[in-house]
Amino acid sequence: MKKIIIAAILMLSTVVANADTKLQNILKSGVLKVGTTGDWDPMTMKDPATNKYKGFDIDVMNELAKDMGVKVKFVPTEWKTIVSGITANRYDISTSITKTPKRAEVAGFTSSYYKYGTVPLVLKKNLKRYSTWESLNNKKVTIATTLGTSQEEKAKEFFPKSKLKSVEAPARDFQEVLAGRADGNITSLLEANKLVVTYPELAIVPDGGKNPAFLAMMVGKNNKAWNDYVNKWIKDKKASGFFETLKKKYNLRSL
């Protein structure tokens, strides 16, 4: 029993030490490792020709690294593994994701800096048939979601009668709608506004956004000092107008 207690204390000490030194380690190494999916327009997009990232969140992370005096290294991840990447310490922070109770059980979240609504997308030619959220809640309707996203969970709540189909990255839910393999999908309003421009055959169901969600960066569950540092940075950047300038650059509007 005594050995077990000593082992537990040593393990706890290691966790505390790692939590206290996360920020120090980033500054010492001179590198900020950022996990990002690179498939969420306009937040994080990877150019396959150059393998470089661009977007609202990419600008945020570049600014954070610059203010810290370190270089940024973007670490590729997928929606189904973005949380495990934090818990396994593969990166120090993630680009923004929706804070959900399930994710918060194992990961820490910074303060939010963007609020968005969720909307369905359907083929424009089917818009009369699917003009409301309720019209999509039907046993004859198939709703596509991307595996590991917050929308995957929301679909179960919004469309309990529908057939739900999860696709795995790099495939995306809206591609199922374009291909006729699903009647609709749900996504953030900020992505939907981009998709209907890129794919004019898609349309947003004009029934209003539901379930406002808050975007935040994800950090380790026990990285309090690091989390506090980033929260202070977000607060200061909000006060300076940095985020409002970025919203204008990417033509984004919060709810």
Side-chain angles (χ1 to χ4, degrees), residues 36-46 54-58 79 95-100 112-216 243-244 246-255:
T36 192
T37 61
D39 66 349
W40 188 13
D41 192 9
M43 307 308 279
T44 168
M45 294 295 292
K46 186 177 183 179
K54 62 181 180 179
F56 183 98
D57 276 341
I58 303 305
W79 289 108
T95 47
S96 66
I97 67 173
T98 305
K99 181 178 180 179
T100 65
S112 176
Y113 55 87
Y114 196 83
K115 179 183 177 183
Y116 70 90
T118 299
V119 295
L121 285 172
V122 298
L123 290 176
K124 187 179 291 184
K125 66 181 183 180
N126 295 333
L127 197 53
K128 288 185 178 180
R129 187 191 314 171
Y130 304 122
S131 60
T132 65
W133 285 76
E134 190 54 37
S135 64
L136 288 166
N137 185 27
N138 189 303
K139 63 181 181 180
K140 296 181 179 180
V141 170
T142 299
I143 301 294
T145 59
T146 301
L147 185 66
T149 62
S150 59
Q151 278 79 23
E152 188 180 25
E153 291 301 313
K154 290 178 182 179
K156 298 174 184 177
E157 175 187 349
F158 296 148
F159 309 111
K161 298 177 183 178
S162 306
K163 300 173 186 175
L164 303 183
K165 180 180 183 181
S166 291
V167 296
E168 190 170 345
R172 284 298 311 277
D173 46 8
F174 68 86
Q175 294 170 337
E176 296 298 298
V177 179
L178 287 169
R181 293 187 292 265
D183 300 295
N185 73 296
I186 55 172
T187 187
S188 63
L189 180 59
L190 58 91
E191 181 180 54
N193 284 332
K194 296 289 183 178
L195 287 174
V196 294
V197 174
T198 305
Y199 305 98
E201 58 267 52
L202 291 175
I204 298 171
V205 174
D207 193 25
K210 292 185 183 292
N211 196 9
F214 298 87
L215 292 181
F243 287 104
E244 288 304 316
L246 270 191
K247 289 176 185 177
K248 291 177 182 178
K249 175 181 177 180
Y250 289 97
N251 194 29
L252 299 181
R253 291 183 298 171
S254 296
L255 291 179

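Everything numeric in this text was worked out from a predicted model, so none of it was measured. Values below: all heavy atoms of this structure, side chains included; hydrogens, waters and symmetry mates excluded.
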Keeping Ser162 on the side-chain end and Leu136 on the backbone end, is there a donor-acceptor pair under 3.5 Å?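 Between the backbone of Leu136 and the side chain of Ser162 there is a qualifying donor-acceptor contact (under 3.5 Å).
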
Is the side chain of Glu191 donor-acceptor paired with the backbone N or O of Thr187 at a distance under 3.5 Å, no angle test?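 No: the side chain of Glu191 does not pair with the backbone of Thr187.
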
Say whether [X] and [Y], considering side chains only, have a donor N or O and an acceptor N or O under 3.5 Å apart.
| X | Y | result |
| --- | --- | --- |
| Trp79 | Asp39 | yes |
| Gln151 | Thr145 | no |
| Thr44 | Thr36 | yes |

Nearest 0.5 Å please: distance from the [atom1] atom of [X] over to the [atom2] atom of [Y].
| X | Y | atom1 | atom2 | value |
| --- | --- | --- | --- | --- |
| Ser135 | Asn126 | OG | CG | 10.5 Å |
| Ile186 | Thr118 | CD1 | OG1 | 6.0 Å |
| Asp57 | Trp40 | CG | CH2 | 7.0 Å |
| Ile97 | Thr95 | CD1 | OG1 | 8.0 Å |
| Tyr130 | Leu127 | OH | CG | 11.5 Å |
| Lys247 | Tyr113 | NZ | OH | 11.0 Å |

Could you list the donor-acceptor pairs under 3.5 angstrom formed by side chains in residues 175-183, with sequence neighbours left out?
unit_1 : atom_1 : unit_2 : atom_2 : d
Gln175 : OE1    : Arg172 : N      : 2.9
Glu176 : OE1    : Lys165 : NZ     : 2.6
Glu176 : OE1    : Arg181 : NE     : 3.0
Glu176 : OE2    : Arg181 : NE     : 3.4
Glu176 : OE2    : Arg181 : NH2    : 3.0
Asp183 : OD2    : Thr142 : N      : 2.8

Side chain to side chain, [X] and [Y], heavy atoms closer than 4.5 Å:
| X | Y | value |
| --- | --- | --- |
| Phe56 | Ser96 | no |
| Ile204 | Leu195 | no |
| Lys46 | Thr37 | no |
| Pro160 | Asn137 | yes |
| Phe214 | Lys99 | no |
| Lys156 | Leu164 | yes |
| Val119 | Val205 | no |
| Thr146 | Ser166 | no |

Restricting to non-hydrogen atoms, name the atom on Pro42 and the atom on Leu190 that form the minimum distance, rounded to 0.1 Å.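 Distance-wise, the nearest heavy atoms are CD-CD1, 3.5 Å.
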
Closest approach of Thr100 and Ser150, non-hydrogen atoms and distance?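 Smallest heavy-atom distance, with atoms named: CG2-CB, 4.0 Å.
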
Between Tyr199 and Phe174, is the ring centroid distance below 6.0 Å?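 Yes.
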
Identify whether the distance between the nearest side-chain nitrogen and carboxylate oxygen of Glu157 and Lys154 falls below 4.0 Å.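 A salt bridge is absent here (no side-chain N lies under 4.0 Å from a carboxylate O).
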
Walk me through whether Lys163 and Ile143 qualify under side chain to side chain contact (heavy atoms under 4.5 Å, CB included). CA-CA 6 Å; Lys163 300 173 186 175; Ile143 301 294; over 6 Å; no

Check the pair Val122 / Leu202 against side chain to side chain contact (heavy atoms under 4.5 Å, CB included), numbers first and verdict last. CA-CA 6 Å; Val122 298; Leu202 291 175; over 6 Å; no

Is there a side chain to side chain contact (heavy atoms under 4.5 Å, CB included) between Ile58 and Met45 once you walk through the steps? CA-CA 8 Å; Ile58 303 305; Met45 294 295 292; over 6 Å; no

Set of ring pair (Phe, Tyr, Trp, His ring centres under 6.0 Å) partners for Trp133, sequence neighbours left out: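 Once residues adjacent in sequence are excluded, the partners of Trp133 under the ring pair (Phe, Tyr, Trp, His ring centres under 6.0 Å) criterion are Phe158, Phe159.
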
Suppose we screen for side chain to side chain donor-acceptor pair (under 3.5 Å). Which residues come up paired with Asp41, at least two apart in sequence or across chains?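 For Asp41 there are no side chain to side chain donor-acceptor pair (under 3.5 Å) partners, ignoring immediate neighbours.
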
